[in-house]
Amino acid sequence: MQRPFSQAAENNKGPIAEVLARYLDHGDLLEIGSGTGQHAIWMAPRFPDVRWYPSEQPENMTGLNRWLEAHPSPSLQAATMLRVQGRWPEHRFRHVYTANTFHILSRPLVERCVQHLCEHLTPQARAYIYGPFNYQGHYTGDGNRRFDLHLKSQSLSMGIRDQEWVVALFARHGRVLLADHAMPANNRLLVFH
Ligand SMILES: C[S@@+](CC[C@H](N)C(=O)[O-])C[C@H]1O[C@@H](n2cnc3c(N)ncnc32)[C@H](O)[C@@H]1O
């Protein structure tokens, strides 16, 4: 079996790492929905003091493991099987990172995800959410409008989320928006503290 490949992950890993470099000091980082693992294998060596824990749903573990095995690095940990609606690791993390998952998960699953990830953060921890977001119900560009229609043609439970809704979900768990970084291709990197 060939390794799965994401061109988007190749394109956005550099800009994401540049922003994360301002925040990732040390400690354990849980990545939710690692996908192919292209982010994990690229970021882990760049942040040697951060133990990077990739995770995925059971059906995508094989592809993820192929990338992790091909690119080992000291801070890169073995992948954890994690479905947002299932059991989460007992561990507490200083950082939780997820890219391009909030528009894939249904709204109830985004709520579950935020609840669980807040429960799994240490008190001083931060969460980093990367992807496209709407502001006050408006798309930030035509590309995002087309992408949202494409998602909804696949499943009505998918779609670009409102940034304000995500901020309110984190606020329910006592976490505040620390920064909202503009990223290439009309994406954002939201940082919660
Ligand atoms: C668009 S991909 C993003 C992958 C990777 N983070 C990236 O940016 O290239 C969305 C990922 O979310 C994962 N995912 C979808 N539903 C999930 C769930 N219920 N629990 C955990 N992960 C889920 C998928 O398996 C997939 O890898």
Side-chain angles (χ1 to χ4, degrees), residues 1-20 24 29-44 46-47 50 52-68 70-71 76-89 91 93 95-121 127-134 143-144 146-161 166 169 181 183-191:
M1 176 197 163
Q2 273 203 328
R3 278 185 281 166
F5 176 81
S6 161
Q7 187 58 52
E10 283 306 301
N11 298 344
N12 59 32
K13 65 186 186 182
I16 294 174
E18 256 180 55
V19 175
L20 289 182
L24 296 189
L29 179 148
L30 172 66
E31 180 182 8
I32 300 163
S34 297
T36 61
Q38 285 162 264
H39 282 170
I41 58 136
W42 202 77
M43 308 267 182
R46 280 165 179 77
F47 303 107
V50 173
W52 194 287
Y53 289 80
S55 75
E56 246 308 327
Q57 308 196 84
E59 58 268 34
N60 293 333
M61 287 293 283
T62 308
L64 171 59
N65 280 329
R66 277 174 205 253
W67 278 90
L68 301 183
H71 299 271
L76 185 58
Q77 308 297 304
T80 303
M81 213 181 278
L82 192 159
R83 195 168 251 151
V84 161
Q85 60 273 46
R87 270 176 68 90
W88 283 55
H91 213 78
F93 295 90
H95 312 273
V96 175
Y97 163 72
T98 190
N100 291 316
T101 52
F102 277 25
H103 56 269
I104 302 290
L105 299 171
S106 65
R107 284 171 64 96
L109 280 186
V110 173
E111 291 185 26
R112 286 275 274 283
C113 185
V114 172
Q115 179 203 331
H116 279 300
L117 80 82
C118 287
E119 287 168 2
H120 283 76
L121 288 171
Y128 315 91
I129 317 294
Y130 172 85
F133 291 97
N134 287 341
N144 278 359
R146 284 194 297 275
F147 182 51
D148 194 41
L149 292 177
H150 167 71
L151 288 169
K152 290 187 169 115
S153 73
Q154 294 189 320
S155 165
L156 284 175
S157 71
M158 296 199 278
I160 295 180
R161 310 298 170 204
V166 174
L169 290 183
H181 297 276
M183 304 297 288
N186 281 323
N187 286 298
R188 313 293 301 188
L189 182 46
L190 310 181
V191 182

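The analysis underlying the following values was restricted to heavy atoms, covering all of them including side chains, and did not include hydrogens, waters or symmetry mates. Counting convention: from 1, in listed order, for ligands and their atoms alike.
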message: Just by distance, no angles: are the side chains of H39 and Y130 close enough, under 3.5 Å, to form a donor-acceptor pair?
response: no
field: Shortest protein contact, atom 12 (O) of ligand 1 (heavy atom only)
entry: T101 CG2, 3.6 Å
- prompt: Is it true that a side-chain atom of S34 and a backbone atom of E56 form a donor plus acceptor pair closer than 3.5 Å?
  reply: no
- prompt: Which part of V84 is near ligand 1, with near meaning a heavy atom under 4.0 Å away: side chain, backbone, both or neither?
  reply: both
- request: In plain terms, say whether R46 and E18 are close enough for a salt bridge, that is, a side-chain N and a carboxylate O under 4.0 Å apart.
  value: no
- request: Kindly confirm or rule out an N or O of H103 lying under 3.5 angstrom from an N or O of ligand 1.
  value: no
field: Polar contact flag for L105 and ligand 1 (N/O pairs, less than 3.5 Å)
entry: no
task: Have a look at W52 and tell me which of Y97, W42, F93 forms a ring pair (Phe, Tyr, Trp, His ring centres under 6.0 Å) with it.
output: Y97
field: Under 4.0 Å to a heavy atom of A99 - the qualifying atoms of ligand 1, by number
entry: 3 (C), 5 (C), 6 (N), 8 (O)
- request: Decide yes or no on side chain to side chain donor-acceptor pair (under 3.5 Å) for R112 and Q85, but give the supporting numbers first.
  value: CA-CA 7 Å; R112 286 275 274 283; Q85 60 273 46; over 6 Å; no
message: Quick check: do I129 and F102 have side-chain heavy atoms less than 4.5 Å from each other?
response: yes
message: Is the contact between Q38 and ligand 1 made by the side chain, the backbone, both, or neither, using heavy atoms and a 4.0 Å cut-off?
response: neither
message: Residue-level breakdown please: for N60 versus ligand 1, do any non-hydrogen atoms fall below 4.0 Å on the side chain, on the backbone, on both, or on neither?
response: side chain
message: I need the contact type for S34 against ligand 1. Using non-hydrogen atoms and a strict under-4.0 Å cut-off, is it side chain, backbone, both or neither?
response: backbone
message: Can you confirm whether or not the ring centre of H103 sits under 6.0 Å from the ring centre of F147?
response: yes
message: Is the contact between L82 and ligand 1 made by the side chain, the backbone, both, or neither, using heavy atoms and a 4.0 Å cut-off?
response: backbone
- prompt: Among all protein non-hydrogen atoms, which one is nearest to atom 4 (C) of ligand 1, and what is the separation to 0.1 Å?
  reply: G33 O, 3.5 Å
task: Would you check if there is a donor-acceptor pair between the side chains of Q115 and E111 at a distance under 3.5 Å?
output: no
- prompt: Do any N/O atoms on Q57 end up under 3.5 angstrom from N/O atoms on ligand 1?
  reply: yes
message: Regarding ligand 1, does Q85 bring an N or O atom to under 3.5 Å of one of the ligand's N or O atoms?
response: yes
Closest protein heavy atom to atom 26 (C) of ligand 1, given as residue, atom name and distance to 0.1 Å: E56 OE2, 3.4 Å
field: Nitrogen or oxygen of A9 less than 3.5 angstrom from that of ligand 1
entry: no
message: Tell me which one of H120, H91, H95 satisfies ring pair (Phe, Tyr, Trp, His ring centres under 6.0 Å) with Y53.
response: H91
message: How long is the straight-line distance from CD1 of I41 back to CG of L68, given to the nearest 0.5 Å?
response: 8.0 Å
Nearest neighbour in protein (non-hydrogen) for atom 1 (C) of ligand 1: N100 O, 3.3 Å
